[in-house]
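Presented below is the structure to which this report refers.
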Amino acid sequence: MGYDTDFSGTLLFLTELTASQIVALKDMCGEDCRDHPEWGAKDLTYISLELNDRLDGLIWDGSEKTYDLVEKVNLVIQMMQLRWPDFALAGRLTAQGEERDDRWILEIGQDGWAHKKATPTYMSGTGVTCPHCRNEFNLPA
């Protein structure tokens with residue numbers, strides 16, 4: 001048993017990718033970092049990202065038990081910049097854990113790296129449970 005977090009959004013490429021860059025990204029996405037000691041990330045697991053349909057960004061691949069996504073996005077950036085120094089991302093992924101208050105944002109900062117940011121406090125109202133689907137929601141305060 002583990003803990004599930006869902007992610008939505010797209011991390012867009014700041015420049016159009018070449019065929020070689022697309023291949024390199026496809027080779028990294030879905031891989032287990034522990035199988036690649038050359039990446040220097042032995043404490044990370046699967047890179048739960050994939051190219052979107054338009055090939056203009058990265059999205060979450062829907063994997064269960066996605067952990068350490070901020071660190072994994074930064075690893076992708078680091079490894080891509082070793083070969084292509086101008087490789088960069090922009091955008092954000094919103095994260096929602098199993099607990100209704102477990103919300104945060106993975107955002108590419110001004111420094112070009114992924115960061116974890118808290119969600120706005122307006123979402124911290126009274127909790128209610130839907131009688132039909134049993135999902136929990138916060139009503140505005």
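The structure presented is a predicted model; accordingly, all values stated were derived computationally and were not measured.
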Rounded to the nearest 0.5 Å, the CG atom of Leu49 sits from the CE atom of Met28 at a distance of 9.0 Å
Find the distance between CH2 (Trp60) and CG (Asp6) and round it off to the nearest 0.5 Å.
4.0 Å
Hydrophobic clusters here meaning ILVMFWY residues chained together by side-chain heavy-atom distances under 4.5 Å, can you tell me if Trp113 and Leu69 are in one?
yes
Shortest non-hydrogen separation from Cys29 to Leu58 and the atoms involved:
SG-CD2, 4.1 Å
List the steps, then state whether side-chain contact (heavy atoms from CB on, under 4.5 Å) holds for Asn74 with Glu71.
CA-CA 5 Å; Asn74 285 332; Glu71 291 81 3; 5.7 Å; no
Assigning hydrophobic clusters by single linkage (Ile, Leu, Val, Met, Phe, Trp, Tyr; side-chain heavy-atom cutoff under 4.5 Å), is Ile47 placed with Val70?
yes
Given the rule that I, L, V, M, F, W and Y join up when any side-chain heavy atoms are under 4.5 Å apart, are Leu55 and Val73 in one cluster?
yes
Would Leu25 and Leu14 show up in the same hydrophobic cluster when neighbours are defined by side-chain heavy atoms closer than 4.5 Å?
no
Could you tell me if Ser48 and Lys65 have a donor-acceptor pair between their side chains, going purely by distance under 3.5 Å?
no
Tell me which one of Thr94, Thr5, Thr119 satisfies side-chain contact (heavy atoms from CB on, under 4.5 Å) with Arg103.
Thr119
Just by modelled atom types, is the Asp4 backbone N or O under 3.5 Å from a matching donor or acceptor in the Glu98 side chain?
yes
Any idea which heavy atoms bring Leu75 and Ala41 closest together, and the distance?
CD2-CB, 3.8 Å
Is the count of non-hydrogen atoms from other residues, nucleotides or ligands lying under 6.0 Å from Asp111 atom CG greater than 12?
yes
Hey, could you give me the CD/NZ distance between Glu107 and Lys116, rounded to the nearest 0.5 Å?
14.0 Å
Do the side chain of Gln96 and the main chain of Glu99 share a donor and acceptor less than 3.5 angstrom apart?
yes
Specify whether Phe13 and Phe87 have parallel, tilted or perpendicular ring planes, treating 30° as the upper limit for parallel and 60° as the lower limit for perpendicular.
tilted
Report whether Tyr67 and Leu11 are members of the same hydrophobic cluster (ILVMFWY, side-chain heavy atoms less than 4.5 Å apart, transitive linking).
no
Rounded to the nearest 0.5 Å, what separates atom CG in Leu89 from atom CE in Met80?
9.0 Å
Checking side-chain contact (heavy atoms from CB on, under 4.5 Å) against Asp68, which of Leu44, Asp43, Thr45 comes through?
Leu44
Report the distance from atom OG1 of Thr10 to atom CG of Leu51, rounding to the nearest 0.5 Å.
11.0 Å
Count the heavy atoms of every other residue, nucleotide or ligand shown that sit under 6.0 Å from CD of Glu38, and state whether that count exceeds 12.
yes
Please round to the nearest 0.5 Å and tell me the distance separating atom CD of Glu16 and atom CD of Gln21.
10.0 Å
Say whether Asp61 and Tyr46, considering side chains only, have a donor N or O and an acceptor N or O under 3.5 Å apart.
no
Within-4.5 Å side-chain heavy-atom neighbours: Asp102 and Tyr3:
yes
